[in-house]
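One structure is given here, and the rest of the page talks about it.
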There are 2 protein chains.
Amino acid sequence: MISKRLSKLRKEKNWSLQYTANQLGIAKSTYAGYESGYRQPSLEALKELAILFETSVDYLLGMTETYTGERDTLELTGKDILSQIGLTIDGKSLSQDELNQFIAFIRLKREMEANENKG
Amino acid sequence: MISKRLSKLRKEKNWSLQYTANQLGIAKSTYAGYESGYRQPSLEALKELAILFETSVDYLLGMTETYTGERDTLELTGKDILSQIGLTIDGKSLSQDELNQFIAFIRLKREMEANENKG
DNA sequence: AATATTCGTACGCGCTATGCGACTTAATGA
DNA sequence: TCATTAAGTCGCATAGCGCGTACGAATATT
């Protein structure tokens with residue numbers, strides 16, 4: 001069950017086994033074992049998988065059919081978001097300027113990916 | 001994390017280790033190992049635990065309800081930060097991949113600014 | 001065309017740690 | 001007092017996790 005869902009999720013993102021394994025910090029053969037059903041991930045690896053694929057552990061294990069779990073979410077484009085919650089990187093707080101640049105960066109990246117998928 | 005939650009759930013139901021193990025069809029020492037943190041359940045056992053305690057696997061693993069509203073700052077380089085709080089841009093959730101790129105981007109930007117100040 | 005790189009798949013090995021039964025200790029009741 | 005139940009710990013056998021490695025096929029690079 002978990003193997004099929006992992007395979008499905010990875011292919012949806014057009015990721016290779018090697019790239020996915022790199023993201024997780026594990027060997028390619030290890031991740032490949034998860035997808036083939038030859039291996040089962042440890043609990044720690046399982047959590048990492050859910051985070052990487054933006055889904056829930058319950059979904060990976062086939063406990064639920066719904067894609068995502070119900071985690072608290074924070075919309076970064078929200079007005080005055082930094083006054084609600086301070087965001088830091090390496091202990092140094094993020095400026096609104098930096099956040100705006102990031103949002104623009106992600107929007108551009110997503111747009112480019114969307115164009116790539118067109119062919 | 002999982003050990004604490006199991007212990008809490010079992011005590012809420014006033015179940016003994018033996019009774020709980022019987023419900024799961026495993027040895028008492030095995031289940032006791034889960035609660036003490038000495039052992040980790042297999043994925044199959046994990047699912048059974050979630051069913052028995054009428055909860056989710058994500059809760060047992062601490063993927064949900066770990067984010068407390070008390071926190072006023074969020075360190076983005078924190079491990080498994082996205083398991084604590086989902087970040088979205090334009091409603092679409094941010095992947096760990098994208099977050100890593102952002103962190104690298106900000107670090108580079110800060111480094112360049114530091115060099116500019118040198119002269 | 002020849003070579004190099006990337007992809008998915010599979011195998012063997014070392015070693016961790018899982019699951020079990022047996023044992024101990026403490027608390028409760030007949 | 002003895003029996004019963006609960007909780008906790010330990011040693012052992014072995015299942016299986018994670019890794020490196022290697023293969024054929026497909027794609028990219030020269």
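Everything numeric here is computed off the predicted structure, so don't read it as measured data. Below, chains carry the letters A, B, ... as their sequence lines are ordered, and counting in each starts from 1.
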Check whether any side-chain N or O of A/R39 sits under 4.0 Å from OP1 or OP2 of D/dC19, and answer yes or no.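 So the side chain of A/R39 is outside the cut-off, no N or O lying under 4.0 Å from OP1 or OP2 of D/dC19.
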Kindly state whether the ring of B/F105 and the ring of A/F105 have centres lying under 6.0 angstrom apart.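 They qualify: ring centres under 6.0 Å apart.
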For A/S3, check side-chain contact (heavy atoms from CB on, under 4.5 Å) against everything at least two apart and list the hits.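 Applying side-chain contact (heavy atoms from CB on, under 4.5 Å) to A/S3 gives none.
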Between [range] and DNA chain D, which residues have a heavy-atom gap below 4.0 Å?
range	answer
residues 42-49 of chain B	none
residues 26-37 of chain B	B/K28, B/S29
residues 16-23 of chain A	none

Distance-only polar pair, side chains of [X] and [Y], donor-acceptor under 3.5 Å:
X	Y	answer
A/D97	A/Q101	no
A/E75	A/T77	yes
A/S7	A/K11	yes

Quick one: does B/E12's side chain get under 4.5 Å of B/K8's, heavy atoms only?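 Yes. Closest side-chain heavy atoms under 4.5 Å.
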If the condition is side chain to side chain donor-acceptor pair (under 3.5 Å), which residues does B/S93 pass it with, not counting sequence neighbours?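 So B/S93 forms a side chain to side chain donor-acceptor pair (under 3.5 Å) with A/E54.
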Taking side chain to side chain donor-acceptor pair (under 3.5 Å) as the test, write out the residues that go with A/Y31, two or more places apart.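 Listed in chain order: A/E35.
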With a cut-off of under 6.0 Å to the ring centre and 45° to the axis, is B/R5 in cation-pi contact with B/Y59?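 Relative to the ring axis of B/Y59, which defines the angle, B/R5 lies inside both limits.
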CH2 of A/W15 versus P of C/dT6: gap in Å, rounded?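 It works out to 19 Å between those atoms.
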With nearest nucleotide decided by heavy atoms, which residue, A/Y38 or A/R10, maps closer to the 5′ end of DNA chain C?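 Final value for this comparison: A/R10.
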Counting only N and O atoms by type, is there a donor-acceptor contact under 3.5 Å from the side chain of A/D58 to the main-chain atoms of B/V57?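 Here the side-chain-to-backbone pair exists.
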